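Both ligands and their constituent atoms are indexed starting at 1 by order of listing. Remember, predicted model here, so these are calculated numbers, not experimental data. When reading the values below, keep in mind they use all heavy atoms of this one structure, side chains included, and skip hydrogens, waters and symmetry mates. Just so you know, residue 1 is the first one in the sequence shown, and it goes up from there.
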Amino acid sequence: MGYRIVVAGATGNVGREVLAILAEREFPIAELAAVASSRSQGEEIEIGDTGRTVKCQNIENFDWAGWDMAIFAIGSDATAIHAPRAAAAGCTVIDNSSLYRMDPDVPLIVPEVNPDAIDGYTAKNIIANPNCSTAQMVVALKPLHDAAGVKRVIVSTYQSVSGAGKAGMDELWNQTRQIFVGDEKDVQKFTKQIAFNVIPHIDKFLDDGSTKEEWKMVVETKKILDPKVKVTATCVRVPVFVGHSESVNVEFDKELSAEQAQDILREAPGVMLVDKREDGGYVTPVECVGDYATFVSRVRDDSTVDNGLAFWCVSDNLRKGAALNAVQIAELLGRRHLKKG
Ligand SMILES: NC(=O)c1ccc[n+]([C@@H]2O[C@H](COP(=O)([O-])OP(=O)(O)OC[C@H]3O[C@@H](n4cnc5c(N)ncnc54)[C@H](OP(=O)(O)O)[C@@H]3O)[C@@H](O)[C@H]2O)c1
């Protein structure tokens, strides 16, 4: 008994993590298919560290009929072509791209935060997965919002290069090597040198001077957590391979002390509080790789505003920021809506 499930983009950073996490969490699978572009047709893709592989098929001529669900991680352009075909054939799409996130007929889900919104998926047979930076932030904010009402959030991100796909990781690796051996630096994927540097620019610029990545954090947080919450974001790419970090300042409706927030976060689903006020008593991105949790550290009062709090939060962007959240959505969809075949 299980589902017939497709992983689209199975050769990519997120797709490979999806395969690994489906196996780790023993997702009930009756049949598994892996698809990607024609370039990858026939490639044997490892399923995590199970020792098993799955042969990659060409998405162009894949027949979606009879499949229960598909986790898509192929970018917006290819998703625009293939997701409607899959959804129309009766295969529910769980999409990692930004294409459908703000579509009013598509639920945008973080299972720890707004699981009930999934019921709206029937309008298009598509469910959206949020941006990686939004996902980890709302997991940390949700229990605090329930306790004291989040009014305004100021967030600065420190986003790893894996958020820009395989090509982003290759560019950091190659530039680091080029700098060490004195070769000319290749700048292709990012707008400036990323090795030994930080870049305050992710995705394209918008008319108001913000970037699309920053806009995504604003509108997605409203859609998932609460439309009343105000967010201002600065998104920065840093030379870290995997793991996004965020410095978050929050203004609440009601008073919430750092100690009360720590007690709440200690019990919150999806959150791991690591907060000792001593050397190393906090989490850094290298420590979160391969983990499911959103780690919260450095919780402290912010006395510059009424009812203010500051914290640091870190998560594996390929997991909670993408693949894990998508698999959690698949689990939720199965529990609530789809019968196992
Ligand atoms: N990385 C993150 O932290 C993160 C977080 C949230 C959401 N996302 C989203 O997830 C998606 C994938 O990201 P990624 O980091 O996994 O990128 P990636 O490592 O560059 O992988 C891209 C995947 O898409 C496939 N693909 C590209 N063009 C295609 C086409 N025309 N038709 C079918 N498949 C195609 C590639 O297949 P080939 O190998 O055959 O080219 C590969 O499997 C993107 O929409 C991204 O925005 C990523």
List every atom of ligand 1 that sits less than 4.0 Å from any heavy atom of [X], numbering the atoms from 1 in the order shown and giving each element.
| X | answer |
| --- | --- |
| Lys166 | 18 (P), 19 (O), 20 (O), 39 (O) |
| Leu318 | 1 (N), 2 (C), 3 (O) |
| Gly163 | 1 (N), 2 (C), 3 (O) |
| Ile59 | 32 (N), 33 (C) |
| Gly9 | 43 (O) |
| Gly12 | 16 (O), 19 (O), 21 (O), 42 (C), 43 (O) |

Looking only at protein heavy atoms, identify the closest one to [atom] and say how far it is in Å.
| atom | answer |
| --- | --- |
| atom 34 (N) of ligand 1 | Ser37 N, 3.3 Å |
| atom 13 (O) of ligand 1 | Val14 CG2, 3.9 Å |
| atom 25 (C) of ligand 1 | Ile74 CG2, 4.0 Å |
| atom 9 (C) of ligand 1 | Asn96 O, 3.5 Å |
| atom 39 (O) of ligand 1 | Thr11 OG1, 2.5 Å |
| atom 3 (O) of ligand 1 | Asn317 ND2, 3.1 Å |
| atom 17 (O) of ligand 1 | Gly165 CA, 3.7 Å |
| atom 23 (C) of ligand 1 | Ala73 O, 3.5 Å |

Can you check whether [X] has an N/O within less than 3.5 Å of an N/O in ligand 1?
| X | answer |
| --- | --- |
| Arg39 | yes |
| Ala36 | no |
| Asn131 | no |
| Cys132 | no |
| Gly75 | yes |
| His82 | no |

| field | Contact partition for Asn13 relative to ligand 1, non-hydrogen atoms under 4.0 Å | value |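 It is both parts that get close, each with some atom under 4.0 Å.
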
| message | For Ser162, which part has a heavy atom under 4.0 Å from ligand 1: side chain, backbone, both, or neither? | response | backbone

Can a donor-acceptor pair be found, under 3.5 Å and without considering hydrogens, that links the side chain of [X] to the backbone of [Y]?
| X | Y | value |
| --- | --- | --- |
| Lys212 | Leu206 | no |
| Asp68 | Arg4 | yes |
| Lys192 | Ile199 | no |
| Asp301 | Ser303 | no |
| His244 | Ser315 | no |

| Flag for Thr92-Asn125: side-chain donor and acceptor within less than 3.5 Å |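 Yes, because at least one side-chain N or O of Asn125 sits under 3.5 Å from a partner of the opposite role on Thr92.
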
| task | Compare Ala164, Ala10, Ala78, Ser40 and give the one whose heavy atom is closest to atom 32 (N) of ligand 1. | result | Ala78

Taking everything shown except [X] itself, do over 12 heavy atoms lie less than 6.0 Å from its [atom1]?
| X | atom1 | result |
| --- | --- | --- |
| Lys185 | NZ | no |
| Glu31 | CD | yes |
| Asp77 | CG | no |

| task | Looking only at non-hydrogen atoms, find the nearest pair between Thr11 and Cys56 and report the distance. | result | CG2-SG, 4.2 Å

| Residues Val242, Asn13; criterion side-chain contact (heavy atoms from CB on, under 4.5 Å); working and verdict | CA-CA 10 Å; Val242 179; Asn13 272 347; over 6 Å; no

| message | Distance to the ring centre below 6.0 angstrom and angle to the axis at most 45 degrees; does that hold for Arg336 and Tyr121? | response | no

| said: Below 30° counts as parallel, above 60° as perpendicular, anything between as tilted: where do the rings of Phe196 and Phe180 land? | reply: perpendicular

| query | Are Lys142 and Glu112 within salt-bridge range, i.e. N to O under 4.0 Å? | reply | no

| query | Heavy-atom contact under 4.0 Å between Gly321 and ligand 1? | reply |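 Yes, Gly321 has a heavy atom closer than 4.0 Å to ligand 1.
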
